[in-house]
Amino acid sequence: MRKAFKSFKDFIEICSRIESTSSILKKQEILAGFLKTLSRDEIKPFIMLISGKIFEKEERELGIGYRSVLSVLKRGKIRPLLEEGPISMVDVYKRLVRISEIKGESSIAKKRMMLHGLYNMLSSEEREYLTRIIFGEVRIGASEGLILKSIAEAIKAPLDEVKRAYLMIGDLGETAEIALIGGRNGLKRIKMKVFNPVKPMLATQARDVKEALISAGGRAAVEFKYDGARVQVHVKDEVLRIYSRSLIDLTQSFFDLADELKGKIRAKEAIVDGEVVAFSENGKPLPFQILVRRIKRIRKLPEIAERIPVRIFLFDVLYVDGKTLIDRPYMERIRVLESIANPDILAHRIITSDLKKAEDFYERAIKLGHEGVVVKNLLAPYILGSRERTWLKVKPAETLDLVIVGAEWGHGRRKGWLSDYYLAVYDDERDKLEIVGKTFKGLTDDEFREITRRLLSLKVAEEGNT
DNA sequence: GATGTCTGCCC
DNA sequence: ATTCTGC
DNA sequence: GCAGAATGGGCAGACATC
């Protein structure tokens with residue numbers, strides 16, 4: 001027998017109640033209460049809609065963005081509420097899934113048509129929320145953290161249990177389903193699994209090596225920080241997959257690396273963490289912009305792969321042959337990593353309490369063309385998906401004397417300022433300036449204001465946006 | 001086939 | 001990625 | 001200090017349009 005699903009209007013009502021209370025505890029109570037009333041088929045759609053994600057782990061994209069919504073809204077003829085009866089929350093979710101599935105010729109027109117149809121069934125308030133869901137901007141104060149708390153409250157489980165489960169499966173909807181249907185026992189059964197990527201641990205910034213070494217406990221590991229893409233490698237028997245920081249499968253983009261790695265990780269099953277870096281023929285690391293040409297590339301991938309060879313540098317291990325290692329101290333994980341991985345795929349690292357040695361190591365990293373170093377506490381566990389102070393990255397504030405030779409007007413928040421500067425180095429031998437790149441980073445808003453003022457006073461020409 | 005628009009994801 | 005803001 | 005929200009450039013693919 002089919003259960004009576006909650007209507008989309010009920011959903012909107014919950015959203016607006018949550019939005020209009022400022023108390024976090026109250027929000028949590030409302031959410032937890034609503035979660036308990038849902039039937040099992042409604043849990044996932046509800047979570048996805050309220051978190052504004054629609055899809056999390058699935059390899060799916062909506063293909064509807066700002067432009068499409070605008071065009072549909074402009075079409076007008078949207079009348080509040082036709083006589084079709086209330087649409088259910090699950091139905092709205094299913095329609096969004098269907099829109100995402102449309103592909104091929106005139107798919108954009110079809111997507112927009114379906115979206116138009118959906119808008120036509122909604123009241124103006126409902127339309128407003130749907131638009132926000134599509135943009136992933138629900139912003140009612142029901143973000144990831146609050147949803148996790150609400151799930152915990154709904155099943156009377158400690159927050160840590162829910163969080164742990166969420167981090168292992170990486171999907172809020174699934175976590176809610178397991179928690180609400182299977183309870184605490186269900187959550188406890190969740191384990192880290194190969195080919196189920198998890199959110200990587202992140203580092204916080206430190207001013208210099210000295211500060212980092214002190215805050216990491218005096219004696220610490222110092223690793224090269226590479227200018228590349230963070231990846232997680234999963235292996236089981238002869239199958240190997242490479243995932244991005246946001247859990248996207250990048251195995252195809254790095255097919256050559258994937259092949260090479262199969263022979264270099266000696267474990268039946270493993271999940272390891274590292275950085276993929278592009279290298280030039282002469283063994284020098286190439287900047288991230290070069291590497292990114294391979295990411296999600298399909299056209300002429302084999303040629304590009306040959307022209308842009310990549311290497312990987314592993315610096316952690318989360319799981320090996322049935323054992324989850326994330327709660328183990330850093331040193332222990334490193335020992336395991338060294339026992340299963342070939343030395344040539346390991347990140348460069350020293351362990352020291354000597355500031356001079358750490359600083360020399362940092363200088364060496366820079367000299368070799370890397371970004372800097374990451375200083376790591378030897379006892380730190382691997383906290384999934386979290387930016388921790390047990391890992392401290394140190395990057396140079398300035399390494400080159402550059403001249404700004406051009407600038408573009410900024411967009412959005414930087415409108416009215418010159419951002420995105422063309423930088424040049426002075427070439428002594430040829431007595432001229434050579435453009436070496438562009439940047440937009442590293443400045444505060446005040447500095448942008450100041451630079452804009454100074455650049456305008458030095459301006460020699462303006463052309464279009466540049 | 002070339003070019004432009006839109007979207008999503010790497011930093 | 002960086003930066004700002006409210007807690 | 002933290003989490004969340006808002007912001008940046010640049011890349012590639014899918015599709016639309018000419």
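A quick note: this is a predicted structure, and the numbers were derived from the prediction, not measured. Chain identifiers are assigned alphabetically (A, B, ...) following the order of the sequence lines, protein sequences preceding nucleic acid strands; residue numbering begins at 1 within each chain. These numbers come from the heavy atoms of this one structure, side chains and all, not from hydrogens, waters or symmetry mates.
- Between D:dA12, D:dC11, D:dC15, one nucleotide has an atom nearer to the side chain of A:Lys103 than all others, and that is D:dC15.
- Nearest nucleotide to the side chain of A:Ser107, out of D:dC15, D:dA14, C:dT2: D:dC15.
- Spacing between atom CD1 of A:Ile248 and atom P of D:dG13 amounts to 15 Å, rounded to whole angstrom units.
- For the pair A:Ile99 CD1 and B:dT7 P, the computed distance is 13 Å after rounding to whole Å.
- Under the rule for a side chain to side chain donor-acceptor pair (under 3.5 Å), the partners of A:Asp273 that lie at least two apart in sequence or sit in another chain are A:Arg230, A:Tyr382.
- The aromatic rings of A:Tyr226 and A:His348 sit tilted relative to each other, their planes meeting at an angle between 30° and 60°.
- Sorted by first and then second residue, the salt bridge (Lys or Arg N to Asp or Glu O under 4.0 Å) pairs with a member in residues 159-168 of chain A read A:Glu161-A:Arg184; sequence neighbours excluded.
- Residues A:Phe11 and A:Tyr129 keep their aromatic ring centres 6.0 Å or farther apart.
- As rounded to whole Å, 13 Å separates atom C1' of B:dG8 from atom CD1 of A:Ile298.
- Between the CD atom of A:Gln205 and the C1' atom of D:dG1 there is a distance of 14 Å, rounded to whole Å.
- We find that NZ of A:Lys296 is positioned 9 Å from P of D:dA14, with the value rounded to whole Å.
- Close to D:dG13, at under 4.0 Å from its OP1 or OP2, lies no side-chain N or O of A:Lys300.
- For A:Glu153, the side chain to side chain donor-acceptor pair (under 3.5 Å) test picks out A:Gln28, with sequence neighbours left out.
- Counting only residues at least two apart or on different chains, the salt bridge (Lys or Arg N to Asp or Glu O under 4.0 Å) pairs with a member in residues 275-294 of chain A are A:Asp256-A:Arg294.
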Atom pairs, protein N/O to nucleotides 2-6 of chain B N/O, distance under 3.5 Å:
from  : atom 1 : to      : atom 2 : distance (Å)
B:dC6 : OP1    : A:Arg67 : NE     : 2.6

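- Here salt bridge (Lys or Arg N to Asp or Glu O under 4.0 Å) pairs that include residues 376-390 of chain A, with residues two or more places apart or in two chains, are A:Glu223-A:Lys376.
- Taking the side chain to side chain donor-acceptor pair (under 3.5 Å) definition, one finds that A:Asp327 meets it with nothing, sequence neighbours left out.
- Comparing D:dA16, D:dA12, B:dC11 against the side chain of A:Arg230 picks out B:dC11 as the nearest.
- When the P atom of B:dG1 is taken as reference, atom CZ of A:Arg299 falls 13 Å away, rounded to whole Å.
- Regarding A:Phe288, its CZ atom lies at a distance of 14 Å from the P atom of B:dC9, rounded to whole Å.
- If you check every strand for non-hydrogen atoms under 4.0 Å, A:Lys110 touches nothing.
- Rounded to an integer number of Å, the gap from A:Ile308 CD1 to D:dA12 P is 8 Å.
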Atom pairs, N/O to N/O, protein against nucleotides 2-4 of chain D, distance under 3.5 Å?
from  : atom 1 : to       : atom 2 : distance (Å)
D:dG4 : OP1    : A:Gly145 : N      : 3.3

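- Partners of A:Lys264 according to the side chain to side chain donor-acceptor pair (under 3.5 Å) rule, which considers only residues two or more places apart in sequence or in another chain, are A:Glu260, A:Asp344.
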